[in-house]
Amino acid sequence: MPFAGIAPRRAVQLMALTALLAAYCAQLVGALKPNVPLLVAAAAGGLALDLYLQHRQPGLLSLLSRVRFDVMVRQLLRDMLILFGLLQIDGIEPLKEQSPLTVMLLSTYLVHFLIQGVMIMVRRDRTLPVVTRNVDVSALGLAPAPPRILARRSSHRLLYLSVPVTVGLLTTAATADAVWGVLGLGISLALSLGGALYLATWLLPDKRTADEQRVREWFAGWLQEYRPTVGLYFSGGATSAYQANMWVSTLAALDGKPLIVLRERFMVQKITATDVPIVCLPKVADLMLLEHSTLKMLLHPANSGKTSQVLRIPTIKHAFTNHGESDKLSSCNPYAKAYDEVWVAGPAARDRYQLADIGVDDHDVVEVGRPQLAPIRPYAGPPPADGLTTVLYAPTWEGWDGNPGNTSVVLAGENIVRELLADPGVRLLYKPHPLTGSVDPRAGEANKRIQAMITEANAAMVAEAAAGGGGGGGRGVERPGPEAAAELARVQTELDALATTSFRTGADEVERMLVQSSPQPGRAEAVQAATAAWEEAYWASLPAWEHQIITDSRPGIYACFNVAHVLISDVSSVISDYLTSEKPYAVANTSGRTEAEFTAEFPTVRAGTILGPKAKQVPALLRAVRDPAHDTLVQARTELKEHLLGPSDPPSLVRFNAAAVALCAKADARAARMDARGESDIPSQRRDAAEEMELEPEEPAGV
């Protein structure tokens, strides 16, 4: 087994690369001998493999491009080997003046470069300085995108247009008749020239997009017409959208005109379904347009390198909300002192900032609760005596600092799952953090082993039932009828129609702006109702006895909270959020600290069961969940909930909105002071600051 011990994905890539290189070697041998069947088979096979890899292994081809073996080089090498083979075959002389084969072959590459040039011009023309969603862009006169094969997939285009060339030349090699090669080259040239001319029509006035100056003027006019007052600012990587999405519904519920401000173009489609207008301003010069708008405050769910740019706008007040609160050091980042205010859930976070001594003044900390937690249902009592105990194991990821106490997956995860699976009265829901394994490969491997354990446990119960044992622990292994799956499919379709936007395959950024114009009134409420219906149908479609591995974005963590009787997690915001239900919970201690040290270091664990790396405390935890007489932490959870999340009255959303109104009032007060002083008394530094930021190198997101 030559690829034994290699990860399956890597093994497939290695096999594909080996096959590609073998095809070139075989083609070279076929051209040198010459051996026409070998030449034909190797060239055709190499092209077919390249086409296949374009669709199924783009990552491998990206690696080849990094070593200068890109699609152009690969196809040129194939064509040159065919041409060299033709030179060795009697009766074919492709380099003679009367043979058009060589000239036409070179012409196909010249036309390819022509299409590339037109493609670059069209893409530049359709790259707008402002990208929007939920905004009426009809005034810009935007046109649908050109075909994707012409405008964005140059590698695919080159290979597809090489098919008639390769077929024609190989037929010439097999028949010694140059007519076939000329025919194949002619077809390719005709298609290429036609594609170039068709693509060039997007540079004509009726399809051309507005220039940057006109778009900026339009955006400035839209800001004056819409008059936003409260906004959310976010910049981050592709996997960090959840940090912004958790605040979208809260933003929409605030008094005033909401706005979402993004910095990365791809993030526009990552934001969850909402009616709130979304604008993406990649360049700092365009971001500065917000200074002259009615926007009074911005919420910041995360720190990033680009946050410093928007903080320089003095007309806007900035509140740091974070994307979750925990006892980890990352929840008290010194960057927080750059904001006007730091909004936290309750007294615990206020104390945390003061103990951290990072320069955040106590009067700048505002307790607002956690409005997102409203969907979490409160404790409804222990599981039925004759039913299953649903345990949610939701570990966090390994983090950036390599601290072994960040996640329990590596040191304790398998032990926790093993203990839970050993109890026949447990139904396990395993929901790992989406970033698990992104930094430490050990976490990724442990995550795979845990999922394999759960899959094997489910299979064992089915096998036991089939053998007449009635399933694990005597519970049945019946599955819901087909009507449950049909209902899930129905509500899934309904939710997708509301929560997502369907684009045709070739749609680009501009066309998406056109399609995602002003939303239908009431869509947000419809999405909320459809989501609730989907969650109900989802749980109803699953066998009540079956352990579940949940890695998709739906169901969300709060939906899992609502069906669980107990949570096992790590020190993270998951614990704080779960506490709003006042249900029992446990926290894994893989930090190397004693239990006393662990509890003293992380206050959020004080009302939960502490699990060691061996997870031997799991049976006692399950007893406390099933029998309230053994649950000695009820009062501790109630007290800790208020300490972490603040009082239940007034509701969190009311307190959050009051904080937003107060911060907007501060922005108004500053504006009034500036007007009273007069512009002549204020140093004019804004243009210099914008120019300075344009010269700064782009910083990576996620700082």
(message) side chain to side chain contact (heavy atoms under 4.5 Å, CB included), that's the test. Do His156 and His55 meet it? Break it down for me.
(response) CA-CA 9 Å; His156 294 73; His55 292 281; 3.7 Å; yes

(message) Donor-acceptor pair, distance only, cut-off 3.5 Å: does the side chain of Glu398 make one with the backbone of Ala443?
(response) no

(request) Please check if the side chain of Trp202 supplies one atom and the backbone of Pro144 the other of a donor-acceptor pair under 3.5 Å. (result) yes

(message) Any heavy-atom pair between the side chains of Val118 and Ile115 that's under 4.5 Å?
(response) no

(message) Is it the case that atom CE in Met121 sees more than 12 heavy atoms from other parts of the structure closer than 6.0 Å?
(response) no

(message) Can you tell me if Arg56 has over 12 outside heavy atoms packed within less than 6.0 Å of its CZ?
(response) no

(message) I'd like to check Ile278 versus Gln516 (side-chain heavy atoms, cut-off strictly below 4.5 Å). Are they in contact?
(response) no

(request) Begin with the C-alpha distance, continue with both residues' side-chain angles, and end with the deciding distance and a verdict on side chain to side chain contact (heavy atoms under 4.5 Å, CB included) for Leu64 and Leu61. (result) CA-CA 5 Å; Leu64 292 179; Leu61 298 184; 3.9 Å; yes

(request) Please name the pair of heavy atoms, one in Val122 and one in Pro146, separated by the smallest distance, quoted to 0.1 Å. (result) CG1-CG, 4.1 Å

(request) Kindly give the heavy-atom pair with the smallest separation between Leu101 and Gly181, and that separation in Å. (result) CD2-C, 3.6 Å

(request) Could I get the full list of ring-ring contact (aromatic ring centres under 6.0 Å, His included) partners for Trp247, not counting sequence neighbours? (result) Phe656

(request) Would you check if the side chain of Thr172 reaches a backbone N or O of Asp177 as a donor-acceptor pair within less than 3.5 Å? (result) yes

(message) Between Glu445 and Lys448 (salt bridge meaning N to carboxylate O under 4.0 Å), is one present in this structure?
(response) yes

(message) Less than 4.0 angstrom from a charged side-chain N to a carboxylate O is my criterion; do Lys207 and Asp125 meet it?
(response) no

(request) Return the minimal non-hydrogen interatomic distance between Gln54 and Val71, and the atom names on each side. (result) NE2-CG2, 4.0 Å

(message) If only side-chain N and O atoms count, and only distance matters, is there a donor-acceptor pair under 3.5 Å linking Gln75 with Arg78?
(response) yes

(message) Measuring only between side-chain heavy atoms, which start at C-beta, is Thr551 closer than 4.5 Å to Pro432?
(response) yes

(message) Less than 4.5 Å apart, side chain to side chain, heavy atoms only: is that true for Leu169 and Leu83?
(response) no

(request) Take the angle between the ring planes of His300 and Tyr233 and call it parallel below 30°, perpendicular above 60°, tilted in between. (result) tilted

(request) Would you check if Tyr198 and Pro147 make a side-chain contact, meaning some heavy-atom pair closer than 4.5 Å? (result) yes

(request) State whether the number of non-hydrogen atoms from other residues, nucleotides or ligands found under 6.0 Å of Trp180 atom CH2 is greater than 12. (result) no

(message) Tell me whether Arg126 contacts the main-chain N or O of Ala143 through its side chain, where contact means a donor paired with an acceptor under 3.5 Å.
(response) yes

(request) Would you check if the side chain of Ser188 reaches a backbone N or O of Leu161 as a donor-acceptor pair within less than 3.5 Å? (result) yes

(request) Check the surroundings of atom CZ in Arg504: do more than 12 heavy atoms from other residues, nucleotides or ligands lie under 6.0 Å from it? (result) yes

(request) Give me the one residue out of Thr209, Asp286, Val130, Val137 that meets side chain to side chain contact (heavy atoms under 4.5 Å, CB included) with Val215. (result) Val130

(message) So if I apply the side chain to side chain contact (heavy atoms under 4.5 Å, CB included) rule between Leu262 and each of Met267, Arg133, Lys270, which one comes out positive?
(response) Met267

(request) Please say whether more than 12 non-hydrogen atoms of neighbouring residues, nucleotides or ligands are located less than 6.0 Å from CZ in Arg152. (result) yes

(message) Would you compute the distance between atom CD1 of Ile260 and atom CZ of Phe234 and round it to the nearest 0.5 angstrom?
(response) 11.0 Å

(message) As an exercise, state the distance from CD1 of Ile149 to CG of Leu199, rounded to the nearest 0.5 Å.
(response) 11.5 Å

(request) State whether the number of non-hydrogen atoms from other residues, nucleotides or ligands found under 6.0 Å of Arg227 atom CZ is greater than 12. (result) no

(request) Check the pair Leu183, Thr171 against side chain to side chain contact (heavy atoms under 4.5 Å, CB included), reporting the backbone distance first and the verdict last. (result) CA-CA 10 Å; Leu183 179 61; Thr171 305; over 6 Å; no

(message) Nearest 0.5 Å, please: how far is OG in Ser155 from CG in Leu53?
(response) 12.0 Å

(request) May I ask you to decide if the ring planes of Tyr226 and Trp222 are parallel, tilted or perpendicular, using 30° and 60° as cut-offs? (result) parallel

(request) Output all residues satisfying ring-ring contact (aromatic ring centres under 6.0 Å, His included) with His323, sequence neighbours left out; order by chain, then residue number. (result) none

(request) Identify the two heavy atoms, one from Tyr335 and one from Ser308, that lie closest to each other, and give their separation to 0.1 Å. (result) OH-N, 3.1 Å

(message) If we count only N and O atoms by modelled type, under 3.5 Å, do the side chains of Ser304 and Thr307 hold a donor and an acceptor together?
(response) yes

(message) In the structure I gave you, are the side-chain heavy atoms of Pro228 and Thr294 within less than 4.5 Å of one another anywhere?
(response) yes

(message) Can you tell me if Tyr52 has over 12 outside heavy atoms packed within less than 6.0 Å of its OH?
(response) no

(request) Could you tell me whether the side chain of Leu32 reaches within less than 4.5 Å of the side chain of Phe84, counting heavy atoms only? (result) yes

(request) Would you check if Val527 and Thr272 make a side-chain contact, meaning some heavy-atom pair closer than 4.5 Å? (result) no

(message) Closer than 4.0 angstrom, basic N to acidic O: yes or no for Lys306 and Glu264?
(response) yes

(message) If I compare all heavy atoms of Leu251 with all of Val276, which pair ends up nearest, and what's the gap?
(response) CD2-CG1, 4.2 Å

(request) Please assess Arg263 against Leu287 for the test side chain to side chain contact (heavy atoms under 4.5 Å, CB included), listing each intermediate value before the final yes or no. (result) CA-CA 9 Å; Arg263 301 302 305 281; Leu287 185 68; 3.5 Å; yes

(message) Ignoring hydrogens, what is the shortest heavy-atom contact between Arg123 and Thr127? Give both atom names and the distance.
(response) O-OG1, 2.6 Å

(message) Checking the side chain of Thr18 only, and the main-chain atoms of Leu14 only, is there a donor and an acceptor separated by less than 3.5 Å?
(response) yes

(message) Measuring from atom CG of Asp70 to atom CZ of Arg74, what distance do you get when rounded to the nearest 0.5 angstrom?
(response) 7.0 Å

(request) Working to the nearest 0.5 Å, report the span between CD1 of Ile313 and CD of Glu291. (result) 6.5 Å

(request) Measure the CG-CG distance between Leu197 and Leu114 for me, rounded to the nearest 0.5 Å. (result) 8.0 Å

(message) For residues 99-117, which residue pairs pass the salt bridge (Lys or Arg N to Asp or Glu O under 4.0 Å) check, not counting sequence neighbours?
(response) none

